[in-house]
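One structure below.
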Amino acid sequence: MDNASKPKPLIELSITLIIPSIILMKFSGSEDLGTVNALLLALSFPLLWGGRSLLRERKVNVPAVLGLVSILLTGGIGLLQLDTYWLAVKEAAIPGLIGLVVVISAFTNRPLVRVLLFSPALMNVELIQENLHQRGNAAIFEARLKVTTWMLGGSFLFSSAMNYFLATWIVNSPAGTPAFNEELGRMNLLSYPVIALPSMLIMIAVFYYLSRSIHELAGLKLTEAIKH
């Protein structure tokens with residue numbers, strides 16, 4: 001991977017979260033950019049960054065597409081001056097729907113954890129499956145995968161509930177006002193420590209449970225199970 005394509009989390013965080021939040025909180029007044037212009041400028045940063053990522057990868061990235069849809073919906077709510085209730089619904093809807101789909105998949109023959117975590121792109125699936133069959137633990141591992149799927153779905157449902165709570169708690173001013181923009185910027189900033197970090201910890205716990213199951217049932221260390 002060359003330097004240009006390496007992930008740059010600090011740059012991405014600045015462009016998609018910090019800069020837009022500062023614009024919304026500090027430059028929405030009539031003496032500055034104004035409500036509409038500040039909203040459009042703030043949303044353009046994550047929108048252009050997401051579009052750039054999609055074009056560079058040259059393939060459909062579902063999280064990136066959902067992110068772009070979320071940005072466009074936020075802009076629509078602000079520009080059309082809809083009730084702020086719809087902002088809370090929008091904030092909760094995307095992770096909530098993903099969580100429900102993931103949980104429902106646990107009751108099928110193809111739990112989504114096979115796509116999101118236990119996939120050939122990330123894991124040496126053939127080696128793991130071979131070791132599981134040799135040890136007679138394939139059925140037990142399938143049951144563990146379903147538990148992992150419920151845990152994964154729970155992380156999205158947690159994010160959905162916290163998104164709704166944060167939006168209803170912070171954003172109360174009418175859309176199309178400087179106060180709405182300022183509250184939107186504050187909500188974006190708080191979403192990282194209040195939602196993103198706890199969700200990340202849940203995901204780490206999910207991955208730990210999966211890796212421990214592979215170690216116990218297939219006899220493989222994490223370094224052997226993960227593709228390099």
Side-chain angles (χ1 to χ4, degrees), residues 7 50 53-54 57-74 86-167 191 194-228:
S53 299
L54 286 175
E57 293 176 10
R58 296 183 180 179
K59 63 180 180 180
V60 176
N61 184 310
V62 175
V65 171
L66 291 176
L68 293 178
V69 170
S70 178
I71 293 165
L72 291 173
L73 288 174
T74 299
W86 293 110
L87 178 67
V89 170
K90 188 275 297 183
E91 289 294 312
I94 293 178
L97 289 173
I98 295 173
L100 284 175
V101 170
V102 172
V103 169
I104 291 171
S105 77
F107 298 95
T108 69
N109 294 327
R110 185 83 176 166
L112 277 178
V113 72
R114 287 187 174 276
V115 177
L116 300 173
L117 287 180
F118 189 65
S119 71
L122 297 174
M123 299 275 191
N124 290 314
V125 174
E126 288 187 9
L127 176 63
I128 296 168
Q129 296 284 16
E130 182 181 338
N131 281 32
L132 288 169
H133 284 292
Q134 288 176 356
R135 291 165 169 255
N137 291 330
I140 299 174
F141 185 72
E142 286 298 322
R144 295 276 186 98
L145 278 183
K146 291 201 173 187
V147 174
T148 308
T149 302
W150 292 328
M151 294 170 67
L152 191 62
S155 72
F156 286 105
L157 294 175
F158 166 81
S159 177
S160 174
M162 290 304 295
N163 276 343
Y164 184 85
F165 166 74
L166 202 62
S191 68
V194 173
I195 301 170
L197 288 181
S199 296
M200 194 181 302
L201 291 175
I202 295 173
M203 289 295 291
I204 291 172
V206 171
F207 190 76
Y208 172 76
Y209 177 80
L210 178 62
S211 62
R212 191 184 68 179
S213 296
I214 292 171
H215 180 65
E216 290 178 0
L217 301 175
L220 294 172
K221 296 178 181 177
L222 184 60
T223 52
E224 297 171 311
I226 291 181
K227 274 196 172 177
H228 300 286

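Quick caveat, the model's predicted, so the values are computed rather than measured.
- Contact of the Met123 side chain with the Ile128 side chain is registered, since non-hydrogen atoms from C-beta on lie closer than 4.5 Å.
- Closest heavy-atom contact between Ile195 and Ser159: CG2-OG, 3.6 Å.
- In this structure, the side chains of Thr74 and Glu91 come closer than 4.5 Å at one or more pairs of heavy atoms.
- Separation of atoms CD1 (Ile226) and OG (Ser211) is listed at 7.5 Å; rounding is to 0.5 Å.
- Taking 4.5 Å as the limit, every side-chain heavy atom of Phe165 sits out of range of all side-chain heavy atoms of Val194.
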Give the table of side-chain donor-acceptor pairs shorter than 3.5 Å for residues 149-156, with sequence neighbours excluded, one pair per line with atom names and distance.
from	atom 1	to	atom 2	distance (Å)
Thr149	OG1	Leu145	O	2.8
Ser155	OG	Leu152	O	2.6

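- Shown here for Pro95 and Asn163, the closest heavy-atom pair between the two residues is CG-ND2, 3.5 Å.
- Interatomic distance, CG of Leu197 versus CD1 of Ile202, reported as 11.5 Å (0.5 Å rounding).
- Interatomic distance, CD1 of Ile214 versus OH of Tyr209, reported as 11.5 Å (0.5 Å rounding).
- In this structure, the side chain to side chain contact (heavy atoms under 4.5 Å, CB included) partners of Leu217, at least two apart in sequence or on a different chain, are Leu132, Asn137, Ile140, Phe141, Arg144.
- Partners of Val101 under the side chain to side chain contact (heavy atoms under 4.5 Å, CB included) rule, at least two apart in sequence or in another chain, are Leu112.
- Here Glu224 contributes atom CD and Leu127 contributes atom CG; the two are 7.5 Å apart, rounded to the nearest 0.5 Å.
- The distance from the OG atom of Ser199 to the CE atom of Met162 is 8.5 Å, given to the nearest 0.5 Å.
- Separation of atoms CD (Gln129) and NE2 (His133) is listed at 5.0 Å; rounding is to 0.5 Å.
- A heavy-atom distance below 4.5 Å is not found between the side chains of Tyr164 and Ser160.
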